[in-house]
Amino acid sequence: MRITVVGGGIIGLSCAHRLAGAGHDVTVITADRPGETTSAVAGGVLFPPLSVHSDQVDRWTATSVDEYRSLGAPGVSLRRGTFFIPREAPMPSWAYSMPDLDDGPGRLTFTTALIDTPVYLAWLAGQVAGLGVRTEYRTVSRLDDLDADLVVNAAGLGAGRLAGDVTVVPVGGQVVHLADPGLTEWIVDGATPVLRHVIPHGRHVVCGGTQEPGRDSVEPDPGVTADIVRRCRELVPALADAPVLGAKVGLRPFRPQVRLERDGDVVHCYGHGGAGITLAWGCADDVLALV
Ligand SMILES: Cc1cc2nc3c(=O)[nH]c(=O)nc-3n(C[C@H](O)[C@H](O)[C@H](O)COP(=O)(O)OP(=O)(O)OC[C@H]3O[C@@H](n4cnc5c(N)ncnc54)[C@H](O)[C@@H]3O)c2cc1C
């Protein structure tokens with residue numbers, strides 16, 4: 001089949017990889033290069049936020065963790081770390097699929113994949129090109145203008161506009177990169193009112209973060225940068241002298257739940273909110289099944 005994938009972030013590229021690998025003739029149309037997408041801002045830790053849970057999310061997460069483990073791709077490392085959760089919170093069901101899970105009151109410790117997203121996305125785009133996928137850099141205004149047997153709508157925040165779906169909204173997130181002093185473990189602190197995370201990738205550590213519903217600017221706020229640095233240095237004192245390398249903002253494509261369904265000649269795959277890196281391979285498998 002001739003398939004056009006709209007979107008060149010983590011979701012569009014993962015779908016294009018699966019579809020081309022299955023023998024389809026695939027074109028990706030994307031307004032932005034991979035390094036300029038929301039996907040390239042993500043901290044890149046592989047598990048979904050506590051607020052996101054369903055059997056589907058558990059299955060997509062388990063599939064993605066297995067895939068990232070076996071890829072041997074640049075930008076992917078496997079590390080142990082700790083997720084702090086409110087003491088009264090039940091154990092999230094996806095946690096059972098994590099190897100070497102060790103849980104205590106208000107704490108889950110396990111090994112998962114960490115994705116240095118700009119490095120990994122550049123590699124994934126190269127793999128996709130190697131499978132014969134063409135990429136066009138332009139903005140699509142209407143899905144039914146596209147000349148293809150089937151269209152995959154994987155345009156993140158733009159997917160909502162293309163599908164006329166007003167439930168897709170931006171939730172801004174700012175992160176700060178610090179030089180990595182050699183941290184061996186990741187920490188995500190979901191037990192405090194404002195999420196804190198410290199995700200080491202070797203050259204740099206991604207520290208965060210914020211959740212800003214309705215934000216439309218991707219210009220980092222210097223006051224927020226200073227606050228993130230302070231909060232993350234409190235959490236991990238080894239960062240005390242780590243130089244600040246820069247700050248980034250991304251707009252998470254939020255929706256009450258991921259839309260992954262076929263509607264005629266369009267397969268919709270969008271609305272991954274704060275979990276798109278985690279869900280990408282599981283969703284790409286389901287897109288292929290719908291095709
Ligand atoms: C600060 C922050 C931290 C995060 N941390 C994590 C994490 O640790 N783990 C995790 O799993 N997730 C994390 N996320 C969430 C994750 O980044 C998103 O869920 C994911 O990037 C969504 O991917 P996407 O491909 O759907 O969208 P995007 O990456 O936004 O890609 C959308 C693509 O569609 C294209 N596009 C849009 N409209 C059009 C159009 N009309 N025509 C043509 N092309 C179009 C864009 O150019 C782009 O290529 C984080 C997000 C942020 C902001």
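Order of listing sets the numbers, starting from 1, for every ligand and every atom in it. These numbers come from a predicted model, not from an experiment. Values reported hereafter were calculated over all heavy atoms of this structure, with side chains retained and with hydrogens, waters and symmetry mates removed.
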What protein heavy atom is closest to atom 22 (C) of ligand 1, reported as residue, atom name and distance in Å?
-> Pro253 CG, 3.9 Å
Between Gly43 and ligand 1, does any nitrogen or oxygen pair lie at a separation below 3.5 Å?
-> yes
Can you find an N/O atom of Ile11 closer than 3.5 Å to an N/O atom of ligand 1?
-> yes
Judged by heavy atoms only, the candidate from Gly9, Ala275, Ser39 nearest atom 29 (O) of ligand 1 is Ser39
Show the numbers, then the answer: is there a side chain to side chain donor-acceptor pair (under 3.5 Å) between Asp102 and Thr109?
-> CA-CA 5 Å; Asp102 170 27; Thr109 299; 5.0 Å; no
For ligand 1, which part of Ile10 has a heavy atom less than 4.0 Å away: the side chain, the backbone, both, or neither?
-> both
Do we see a donor-acceptor contact under 3.5 Å between the side chains of Gln174 and Thr225?
-> yes
Flag the pair Arg134 and Glu136 as a salt bridge only when some basic side-chain nitrogen lies within less than 4.0 angstrom of an acidic carboxylate oxygen.
-> no
Consider ligand 1: state whether an atom of it lies below 4.0 angstrom from any non-hydrogen atom of Gly209.
-> no
Using a strict 4.0 Å threshold on nitrogen-to-oxygen distance, state whether Asp227 and Arg231 make a salt bridge.
-> yes
Any side-chain heavy-atom pair of Leu150 and Arg262 under 4.5 Å = yes
Could you tell me whether the side chain of Pro200 reaches within less than 4.5 Å of the side chain of Arg79, counting heavy atoms only?
-> yes
Give the numbers and elements of all ligand 1 atoms closer than 4.0 Å to a heavy atom of Gly44.
-> 7 (C), 8 (O)
When the aromatic ring centroids of His268 and Tyr270 are compared, is their separation below 6.0 Å?
-> yes
For the student: nearest non-hydrogen atoms of Ala20 and Val133, plus distance = CB-CG2, 3.5 Å
Nearest protein heavy atom to atom 44 (N) of ligand 1, by residue and atom, and its distance?
-> Ala31 N, 3.0 Å
Top protein contact for atom 35 (C) of ligand 1, by heavy-atom distance | Gly7 CA, 3.8 Å
Note: Arg18-Glu67 ion pair, threshold 4.0 Å (strictly below) | yes
Which residue and non-hydrogen atom of the protein lie closest to atom 38 (N) of ligand 1, and at what distance in Å?
-> Gly158 CA, 3.5 Å
Would you check if the distance from the ring center of Phe47 to the ring center of Phe110 is below 6.0 Å?
-> yes
May I ask you to identify the nearest protein heavy atom to atom 39 (C) of ligand 1, giving residue, atom name and distance to one decimal place in Å?
-> Ala155 CB, 4.0 Å
Interfacing atoms of ligand 1 (cut-off 4.0 Å, heavy-atom, Val175) = 1 (C)
Part of Arg138 within contact of ligand 1 (heavy atoms, under 4.0 Å) | backbone
Give yes or no for whether the N/O distance cutoff of 3.5 Å, strictly under, is met between Arg252 and ligand 1.
-> no
Under 3.5 Å, N or O to N or O, is Asp32 touching ligand 1 that way?
-> yes
Taking Trp60 as the fixed residue, which of Thr278, Asp286, Asp55, Asp285 is the one that meets the side chain to side chain donor-acceptor pair (under 3.5 Å) rule?
-> Asp286
Answer whether the closest heavy-atom distance between the side chains of Arg203 and Val119 falls below 4.5 Å.
-> yes
Please confirm whether Gly276 comes within less than 3.5 Å of ligand 1 when only nitrogen or oxygen atoms on both sides are compared.
-> yes
Would you check whether Glu36 reaches within less than 4.0 Å of ligand 1, judged by its heavy atoms?
-> no
Report yes if some N/O of Gly250 lies less than 3.5 Å from some N/O of ligand 1; otherwise report no.
-> no
How far apart are the closest heavy atoms of His197 and Cys232, and which atoms are they?
-> O-SG, 3.6 Å
Intermediate values then yes/no, side chain to side chain donor-acceptor pair (under 3.5 Å), Thr30 and Asp32 | CA-CA 5 Å; Thr30 171; Asp32 301 288; 5.4 Å; no
N or O pair under 3.5 Å between Val41 and ligand 1 | no
Do we see a donor-acceptor contact under 3.5 Å between the side chains of Thr61 and Arg59?
-> no
What is the nearest protein non-hydrogen atom to atom 49 (O) of ligand 1, stated with its residue, atom name and distance?
-> Thr30 OG1, 2.7 Å
Atoms in ligand 1 with a heavy atom of His272 nearer than 4.0 Å | 19 (O)
Per atom 18 (C) of ligand 1, closest listed option by heavy atom (Cys283, Ala42, Gly274, Gly273) = Gly273
Determine whether the side chains of Ser217 and Glu219 contain a donor N or O and an acceptor N or O closer than 3.5 Å.
-> no
Within-shell test, Leu157 vs ligand 1, heavy atom, strictly < 4.0 Å = no
heavy-atom search around atom 27 (O) of ligand 1 in the protein gives Gly156 CA, 3.6 Å
Atom 48 (C) of ligand 1: closest protein heavy atom, distance to 0.1 Å, is Thr37 CG2, 3.6 Å
Cation over ring face, Arg33 and Tyr137, 6.0 Å, 45° = yes
Counting from 1 in the order shown, the ligand 1 atoms closer than 4.0 Å to a non-hydrogen atom of Gly173 are 1 (C)
Ligand 1 N/O within reach of Ile277 N/O, cut-off under 3.5 Å = yes
Is there any N or O on Thr278 that sits under 3.5 Å from an N or O of ligand 1?
-> yes
Name the option, out of Leu13, Val168, Val140, Ile115, that contains the heavy atom nearest to atom 40 (C) of ligand 1.
-> Val140
